[in-house]
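Note sheet for the following structure.
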Amino acid sequence: MYNIYDYSLPKLEELVVSLGEKKFRAEQLFKWVYKRGVKDFDLMSDISKSFRETLKTSFCLIKPTIYQKQVSSDGTVKLLLELEDGDKVETVLMRYNYGNVACVSSEVGCNMGCAFCASGLLKKKRELKVSEILGQVLVLNDLLTSEGKGERITHVVVMGTGEPFDNYDNVMDFIRILNHPHGLEIGARHITVSTCGIVPKIYDYAREGLQINLAISLHAPNDEIRHKIMPISRVYPLNDLMEAVKYYEKTAGRRVTFEYILLKGINDSKKDAEDLAKLIKGTLAYVNLIPYNEVNEMKYRRSESSSVKEFMDTLMKKGVNATIRKEFGSDIDAACGQLRAKDEGQL
Ligand code: SAH
């Protein structure tokens with residue numbers, strides 16, 4: 001069975017042609033599915049009867065199902081979704097005044113081993129299929145539809161569990177479906193991928209020719225500190241990462257966002273802020289400071305608000321643009337770094 005949600009339009013065209021059909025059938029099918037939300041192949045009136053028969057016997061539209069739902073006092077919704085094989089992933093809906101943001105997972109578990117992050121407590125079991133990443137947005141759209149206010153997901157951040165650049169091809173196909181005018185039609189600038197710094201993939205991403213945003217989990221102003229908290233930095237040290245960022249800026253014509261979690265006594269001193277300003281000098285990047293969400297099993301603590309302020313002021317004085325990330329859903333463990341498919345079976 002071919003799950004239509006697994007195919008970007010070019011891939012669906014290839015598939016349809018390989019089955020002996022005309023290429024344009026793929027676009028018709030794509031529009032029925034995403035633009036009109038029709039799932040019953042019999043209703044796809046402009047598709048030939050014979051292809052409709054093929055669709056009925058060999059194609060399906062399968063998305064994850066809701067296993068558990070938690071709603072935060074701020075309206076944030078966290079869903080634990082069950083996939084076809086019983087694996088589970090989390091997805092989060094955040095309501096900003098400018099729109100509804102889906103934070104999607106890209107893998108079951110994560111192998112990056114960042115010392116402060118809950119997602120890595122469960123080692124990577126597998127990568128998610130395109131339909132399983134897209135399915136998270138589709139399920140959230142269903143949820144919004146059921147609220148009856150005519151709202152939809154308007155923005156997507158690939159910042160849930162998993163390292164998106166460790167599942168590059170599927171994440172990119174997912175983005176192609178999100179972004180396509182016949183797909184979910186979410187603007188590239190409303191889509192953000194966050195990576196812990198898999199350097200070769202930053203080069204690939206730069207060459208995609210898309211206007212999607214790139215966020216990089218930096219979290220340290222030098223390799224010494226970064227080595228302690230992010231194992232990936234031993235494979236791709238900061239020098240290589242910064243080169244890649246500059247290449248991205250030049251090639252994609254876009255600036256990156258550096259994410260920087262403030263960990264008490266680890267990376268939050270005035271000197272760290274000065275070093276950070278030095279490190280990113282010469283890039284157009286801006287820094288998104290993230291208040292650390294404490295994770296029970298981990299020793300790290302959130303920085304004092306006075307250190308956060310001093311850190312921010314130091315950056316600003318050095319001419320670095322910085323903002324402090326707004327927090328959502330921490331009362332239901334839906335905030336950054338808290339996603340981990342918490343359930344009897346898993347952790
Ligand atoms: N693997 C990707 C995608 C995860 S994004 C990446 O590393 O970018 C999740 C963001 O939340 C990352 O910037 C991550 O470093 C950050 N994060 C992880 N644990 C956190 C925590 N406990 N509190 C706040 N942010 C955290």
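Remember, it's a predicted structure, so these values are computed and weren't measured experimentally. When a ligand or atom number is given, it counts from 1 through the structure's own listing order. In this chain, numbering begins with 1 at the start of the sequence shown.
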Report, in ascending order of atom number, the atoms of ligand 1 lying under 4.0 Å from any heavy atom of [X].
X: Gly162; answer: 1 (N), 2 (C), 3 (C)
X: Cys196; answer: 6 (C), 7 (O), 8 (O)
X: Gly160; answer: 4 (C)
X: Cys117; answer: 18 (C), 19 (N)

Counting only heavy atoms closer than 4.0 Å, does ligand 1 sit against the backbone of [X], its side chain, both, or neither?
X: Ile290; result: side chain
X: Glu259; result: side chain
X: Thr195; result: backbone
X: His219; result: side chain
X: Tyr300; result: neither

Residue pair Ser269 / Asp272, side-chain donor-acceptor N/O under 3.5 Å: yes
Any side-chain donor-acceptor pair under 3.5 Å between Asn213 and Arg189? no
Which residue pairs satisfy the ring pair (Phe, Tyr, Trp, His ring centres under 6.0 Å) criterion with at least one member in residues 145-176, sequence neighbours excluded? Tyr98-His155, His155-His190, Phe165-Tyr168, Phe165-Tyr205
Starting at CG of Asn288, measure out to OG1 of Thr323 and round the result to the nearest 0.5 Å. 4.0 Å
Criterion ring pair (Phe, Tyr, Trp, His ring centres under 6.0 Å) on Phe30 and Tyr7, from CA distance to verdict: CA-CA 9 Å; Phe30 212 72; Tyr7 294 84; over 10 Å; no
Closest approach of Val171 and Pro164, non-hydrogen atoms and distance? CG2-O, 3.6 Å
Is Glu163 near ligand 1, meaning one of its heavy atoms is under 4.0 Å from it? yes
Heavy-atom donor-acceptor pair, Asn3 side chain to Asp6 backbone, under 3.5 Å: no
Backbone or side-chain N or O of Arg325 under 3.5 Å from ligand 1 N or O: no
Lys88 NZ/CZ over Tyr67 ring centroid, <6.0 Å and within 45° of normal: yes
